[in-house]
Amino acid sequence: QVQLVESGGGLVQAGGSLRLSCAASGRTDRTYHMGWFRRAPGKEREFVAGINWSGGSTTYADAVKGRFTISRDDAKNSVYLQMNSLKPEDTAVYHCAADKVLGPMSMSVAAYDYWGQGTQVTVSS
């Protein structure tokens with residue numbers, strides 16, 4: 001079992017920045033693909049960013065490409081999402097997820113096995 005806890009959300013003005021953190025505990029001796037997802041008001045959960053087990057590959061949703069950066073620090077059992085140039089449409093509950101399957105990194109919600117509780121990000125205009 002892996003437990004994930006997000007932090008770093010908050011209220012920020014359009015154009016500002018936030019850094020989200022995801023701390024993992026439990027069975028962290030193995031590697032996982034990690035992803036960030038978000039659920040905006042009135043919308044379904046959507047993929048934001050992903051990083052593979054080694055940290056050597058990342059992928060981003062088109063809506064955040066060039067503005068968000070995902071990274072991992074396995075020594076700290078943590079994953080991060082640096083969010084720059086934030087827009088009101090980025091407002092959502094953000095949550096991290098871990099994929100225990102040793103396969104290709106996925107953008108699908110169904111591929112992930114462990115989920116954090118989420119942290120609220122609100123961007124004002």
Side-chain angles (χ1 to χ4, degrees):
Q1 293 286 335
V2 174
Q3 295 79 46
L4 305 173
V5 179
E6 303 96 334
S7 62
L11 175 64
V12 66
Q13 202 167 29
S17 298
L18 284 173
R19 189 188 192 223
L20 305 184
S21 298
C22 175
S25 61
R27 191 165 186 172
T28 57
D29 56 313
R30 63 166 292 172
T31 60
Y32 302 85
H33 301 320
M34 300 297 298
W36 285 96
F37 295 78
R38 68 187 183 187
R39 186 190 292 273
K43 298 179 65 177
E44 295 296 319
R45 189 183 302 109
E46 66 176 353
F47 174 83
V48 176
I51 187 166
N52 78 334
W53 67 272
S54 70
S57 181
T58 59
T59 188
Y60 298 91
D62 289 341
V64 307
K65 194 171 298 181
R67 300 188 297 120
F68 291 10
T69 304
I70 187 172
S71 61
R72 67 191 298 160
D73 186 343
D74 289 339
K76 296 182 178 180
N77 293 321
S78 296
V79 180
Y80 308 97
L81 185 68
Q82 179 66 46
M83 305 185 294
N84 298 327
S85 301
L86 283 162
K87 305 174 180 179
E89 51 262 45
D90 295 319
T91 295
V93 175
Y94 286 72
H95 42 101
C96 64
D99 175 12
K100 67 181 181 182
V101 177
L102 270 61
M105 182 171 55
S106 177
M107 296 184 289
S108 174
V109 169
Y112 292 83
D113 302 287
Y114 305 104
W115 294 82
Q117 82 288 347
T119 185
Q120 176 71 48
V121 171
T122 303
V123 184
S124 62
S125 60

message: For a quick test of reading the model, state the closest non-hydrogen atom pair linking A23 to S78 and the distance between them.
response: CA-OG, 4.2 Å
Trace of the side chain to side chain contact (heavy atoms under 4.5 Å, CB included) decision for L20 with E6: CA-CA 7 Å; L20 305 184; E6 303 96 334; over 6 Å; no
query: Got a sec, which residues hit side chain to side chain donor-acceptor pair (under 3.5 Å) with K43, two or more places apart in sequence or on another chain?
result: none
- prompt: Hey, quick one: are L81 and L4 part of the same hydrophobic cluster, counting side-chain heavy atoms closer than 4.5 Å, chains of contacts allowed?
  reply: yes
query: Any idea how H95 and W115 line up, ring-wise: parallel (<30°), tilted (30 to 60°), or perpendicular (>60°)?
result: tilted
message: Within the supplied structure, the quantity of interest is the number of heavy atoms (other residues, nucleotides, ligands) at a distance under 6.0 Å from M107 CE; does it exceed 12?
response: no
field: R19 CZ to T69 OG1 distance, which is reported to the nearest 0.5 Å
entry: 10.5 Å
- request: Is it possible for you to say whether V12 and Y94 belong to one hydrophobic cluster, with membership spreading through side-chain heavy-atom contacts below 4.5 Å?
  value: yes
query: At their closest point, which heavy atom of Y112 faces which heavy atom of G35, and how far apart are they?
result: CE2-N, 3.8 Å
field: Closest contact, heavy atoms only, F37 versus A97
entry: CE1-CB, 4.2 Å
- prompt: Y32, F47: one ILVMFWY side-chain cluster at the under-4.5 Å cut-off?
  reply: no
task: Check whether any side-chain heavy atom of E44 sits under 4.5 Å from a side-chain heavy atom of R39, and report yes or no.
output: yes
field: Minimal non-hydrogen separation, F68 against Y60, with atom names
entry: O-CE2, 3.2 Å
task: Please answer whether the main-chain N or O of M105 pairs with a side-chain N or O of N52 as donor and acceptor at a distance below 3.5 Å.
output: no
task: Measure the spacing between CG of D113 and CD of Q1 and express it to the nearest 0.5 Å.
output: 9.5 Å
For residues 118-125, which side-chain N or O atoms pair as donor and acceptor with protein atoms under 3.5 Å away, sequence neighbours left out?
unit_1: T119; atom_1: OG1; unit_2: G9; atom_2: N; d: 3.2
unit_1: Q120; atom_1: NE2; unit_2: A92; atom_2: O; d: 3.4
unit_1: Q120; atom_1: NE2; unit_2: T122; atom_2: OG1; d: 3.3

- request: Please check if Y114 and W36 belong to a single hydrophobic cluster, counting links between Ile, Leu, Val, Met, Phe, Trp and Tyr side chain heavy atoms closer than 4.5 Å.
  value: yes
message: To check you understand the geometry: which heavy-atom pair defines the closest contact between Y80 and S21, and what is its length?
response: CD2-OG, 3.4 Å
- request: Look at the side-chain heavy atoms of Ile, Leu, Val, Met, Phe, Trp and Tyr, link any pair under 4.5 Å apart, and say whether V64 and I70 land in one connected group.
  value: yes
task: Give every residue pair that meets the salt bridge (charged side-chain N to carboxylate O under 4.0 Å, His left out) criterion with at least one member in residues 85-99, sequence neighbours excluded.
output: R38-D90, R67-D90
statement: All heavy atoms of V79 vs all of S71, minimum pair found to be CG1-O, 3.3 Å
message: Could you measure the distance from the CE atom of M34 to the SG atom of C96? Nearest 0.5 Å is fine.
response: 5.0 Å
